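Quantities reported herein were computed from a predicted structural model and do not represent experimental measurements.
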Amino acid sequence: MIKYYSADFILPVNAPAMKQGVVAIDESGVVQGVYHSHSPEVEKVKIKKLNGVLVPGFVNAHCHLELSHLEGKIDKGNGLISFLSEVMEKRESKESKIVEKMIEADKKMFENGIQVVGDHVNTAISAPIKENSKIKYHTFVEIIALKTEDGQEKIDEAKDVEFNFDHAHSSITPHAPYSCSKNTFKLFKRAVSDDNIISIHNQESEEENKLFRYKNGEFIDFYDKLGISMDDFKAQARNSIQSYLPYLPINNKLILVHNTFTSLKDLDFVDRMNRDIIICMCPKSNLFIENKLPKIQNFAQDNRRIVIGTDSLASNNTLDILEELKAIHKEFPELDFKQTIKWATLNGAEALNLEKEFGSFEVGKKPGLVLLKGMKNLQLTPDVKLQRIV
């Protein structure tokens with residue numbers, strides 16, 4: 001049975017906004033047609049008319065479901081080093097509690113209109129939840145190996161963890177430039193095939209840039225407390241992304257996450273590298289940890305591909321892409337929602353190689369159907385509410 005839905009506007013994402021358009025969806029959630037209000041195909045069908053704007057389900061391009069049990073347990077606004085220390089200190093918990101909170105978070109994300117998630121893990125504990133979820137996941141298994149001698153062992157361990165997830169939608173990835181040695185990057189480059197999507201935390205703190213540029217700052221003390229020697233680390237006299245990017249494989253799709261302290265010079269460097277790069281913004285997490293947002297207008301120009309993530313409940317009070325969009329539009333009101341909705345849907349699906357199934361209203365896709373209520377002239381305001389329709 002096919003149901004027909006209409007609203008004040010429909011945003012197919014892959015096509016211009018349609019005033020009072022109609023989306024036809026079958027009982028399994030697959031789009032069977034997208035029509036203008038006057039199209040003959042919908043002249044004699046029963047249409048459910050809704051007040052608001054219909055959009056596809058969101059793509060949360062960066063999440064840490066494993067950290068859901070840390071909700072409300074991490075101090076806000078103390079910077080990345082303090083955040084990392086608290087996560088390491090408080091992460092251990094009963095497995096039953098971790099699983100319980102992950103199930104709650106997964107359910108809440110679906111209710112919040114999220115259809116697809118790019119999720120970072122360190123263990124296989126989330127695998128059964130993902131198998132039974134209404135959400136489609138791509139799982140990134142993180143490699144953390146700052147000690148030179150640990151590189152290959154940690155890469156092998158990540159591959160073992162990846163085995164527990166959907167092989168078509170999982171990959172291994174370095175966690176961050178400050179948590180992997182140069183040798184680990186070199187070994188990783190030889191260890192993965194071209195279809196392995198990389199998703200790396202990038203320049204979330206100015207301390208990361210200080211580490212690579214000058215070999216000083218809070219990271220040095222952080223490593224010392226962990227008993228990790230930095231004797232072999234050499235200052236690069238340039239920011240982190242310019243230091244580590246050449247060591248990553250050239251042909252792989254690369255998602256750079258956070259980018260809070262990425263400069264125009266860094267972006268120029270990235271552009272000259274001629275790689276398949278996606279920029280992921282996690283604004284509420286950035287505000288929680290560093291009380292700072294990336295200069296999004298620098299990224300939005302030159303048609304760079306931008307996607308949206310939530311990070312974890314350790315650094316956020318919601319896993320809600322609509323709330324992330326609100327945070328962006330509050331700080332950058334000049335942005336057009338017809339542009340940013342693509343960041344939150346189709347761009348994310350493309351980043352995770354899931355654009356054939358999700359991200360836009362196109363025949364044959366199963367993108368979900370989300371109603372945004374309270375929008376005026378397609379302007380996103382803090383008062384806009386969400387209702388999942390399909």
Side-chain angles (χ1 to χ4, degrees), residues 64 66 79-89 91-92 120-124 140-163 170-194 196-252 254-259 261-262 266 269-270 273 275 277:
H64 293 262
E66 284 181 350
L80 180 62
I81 310 300
S82 175
F83 174 79
L84 294 172
S85 298
E86 284 203 72
V87 169
M88 292 169 64
E89 176 188 344
R91 182 167 190 164
E92 294 301 322
H120 281 232
V121 306
N122 302 105
T123 72
F140 296 100
V141 183
E142 293 182 338
I143 300 162
I144 298 176
L146 191 58
K147 294 180 180 179
T148 299
E149 64 271 20
D150 288 347
Q152 191 59 57
E153 178 183 354
K154 296 300 183 181
I155 290 170
D156 292 341
E157 288 178 3
K159 287 184 175 181
D160 288 342
V161 172
E162 185 192 9
F163 185 77
S170 61
S171 53
I172 64 173
T173 186
H175 164 259
Y178 58 76
S179 61
C180 291
S181 68
K182 183 193 294 186
N183 185 57
T184 301
F185 281 119
K186 290 180 177 180
L187 292 170
F188 174 80
K189 190 173 185 177
R190 298 198 292 265
V192 296
S193 56
D194 289 351
N196 184 95
I197 307 172
I198 303 168
S199 177
I200 186 168
H201 298 75
N202 179 67
Q203 295 173 295
E204 191 174 358
S205 169
E206 186 58 28
E207 293 300 321
E208 179 182 315
N209 286 331
K210 288 181 182 178
L211 172 67
F212 280 85
R213 184 173 284 277
Y214 309 114
K215 194 182 176 179
N216 67 18
E218 296 178 13
F219 267 111
I220 299 301
D221 293 334
F222 178 68
Y223 297 140
D224 185 58
K225 290 178 182 178
L226 294 176
I228 298 174
S229 172
M230 296 299 290
D231 290 345
D232 293 336
F233 185 88
K234 300 292 189 295
Q236 304 297 310
R238 53 187 178 178
N239 283 350
S240 65
I241 193 168
Q242 299 184 44
S243 303
Y244 76 83
L245 189 56
Y247 294 104
L248 287 175
I250 296 173
N251 298 321
N252 296 61
L254 172 61
I255 304 172
L256 298 176
V257 184
H258 292 301
N259 313 291
F261 293 85
T262 302
D266 292 329
F269 176 84
V270 169
M273 295 295 287
R275 293 173 181 250
I277 287 179

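Leu80 places a side-chain heavy atom less than 4.5 Å from the side chain of Phe219. The shortest side-chain heavy-atom distance between Ser170 and Phe163 does not fall under the 4.5 Å cut-off. Between Ser205 and His258, every side-chain heavy-atom pair lies at or beyond the 4.5 Å cut-off. Residues Gln242 and Leu245 have side chains not in contact (no heavy-atom distance under 4.5 Å, counting atoms from C-beta outward). Looking at heavy atoms from C-beta onward, Tyr223 lies in side-chain contact with Tyr178 at the 4.5 angstrom threshold. No side-chain heavy atom of Ile81 sits less than 4.5 Å from a side-chain heavy atom of Asp221.
For the pair Lys147 and Ile228, the tightest heavy-atom approach, listed with the atom from each and the gap, is CE-CG1, 4.1 Å. Residues His120 and Thr173 share a closest heavy-atom pair of CE1-CG2, 4.2 Å. Taking every heavy atom of both residues into account, Glu208 and Gln203 meet most closely at OE2-N, 3.0 Å. The nearest pair of heavy atoms linking Val257 to Ser199 is CG2-OG, 3.5 Å. Here the closest heavy-atom approach between residue Pro174 and residue Leu248 is recorded as CG-CD2, 4.1 Å. The minimum heavy-atom distance between Phe261 and Asp266, with the atom names listed, is O-OD2, 4.1 Å.
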Quiz item: Hey, mind stepping through Met230 and Lys215 against side-chain contact (heavy atoms from CB on, under 4.5 Å) and telling me if it holds?
Solution: CA-CA 9 Å; Met230 296 299 290; Lys215 194 182 176 179; 4.3 Å; yes

Self-check item: Candidate pair Arg91 and Glu66, rule salt bridge (charged side-chain N to carboxylate O under 4.0 Å, His left out), full reasoning
Solution: CA-CA 9 Å; Arg91 182 167 190 164; Glu66 284 181 350; 2.7 Å; yes

Exercise. With salt bridge (charged side-chain N to carboxylate O under 4.0 Å, His left out) as the test, would you mind laying out the steps for Glu207 and Lys210 before giving the verdict?
Key: CA-CA 5 Å; Glu207 293 300 321; Lys210 288 181 182 178; 3.3 Å; yes

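Between atom CG of residue Asn209 and atom CZ of residue Arg238 there is a gap of 12.5 Å, rounded to the nearest 0.5 Å. Note that the CD atom of Gln236 and the OH atom of Tyr214 stand 13.0 Å from one another [nearest 0.5 Å]. With rounding to the nearest 0.5 Å, the separation of CG in Asn239 from CG in Leu211 is 11.0 Å. Rounding to the nearest 0.5 Å gives a distance of 13.0 Å between NZ of Lys182 and CG of Leu187. Taking CD of Glu86 as the start and CD of Glu89 as the end, the distance is 6.5 Å to the nearest 0.5 Å. With rounding to the nearest 0.5 angstrom, the CG atom of Leu146 is 11.5 Å from the NZ atom of Lys154.
With Val161 as reference, Val141 is the one residue of Thr123, Asn122, Val141, Ile143 to meet the side chain to side chain contact (heavy atoms under 4.5 Å, CB included) rule. Evaluated for a side chain to side chain contact (heavy atoms under 4.5 Å, CB included) with Ile198, the options Val192, Asn252, Ile277, Ile172 yield exactly one hit, Asn252.
A donor-acceptor pair under 3.5 Å is absent between the side-chain atoms of Gln152 and the main chain of Asp150, judged by distance alone. No side-chain donor-acceptor contact under 3.5 Å links Ser82 to the backbone of Gly79. Using a distance-only test at 3.5 Å, with no hydrogens or angles considered, a donor-acceptor pair links the side chain of His201 to the main chain of His175. Looking at Asn183, its side chain does come within 3.5 Å of a backbone N or O of Thr148 through a donor-acceptor pair.
Applying the 6.0 Å contact sphere to CG of Leu226 captures more than 12 heavy atoms from other residues, nucleotides or ligands. Around CD of Glu149, the count of heavy atoms belonging to other residues, nucleotides or ligands within 6.0 Å exceeds 12.
Ring pair Tyr244/Phe185 is parallel by interplanar angle, where below 30° counts as parallel and above 60° as perpendicular.
With no hydrogens or angles considered, no side-chain donor-acceptor pair links Ser240 and Ser243 at under 3.5 Å.
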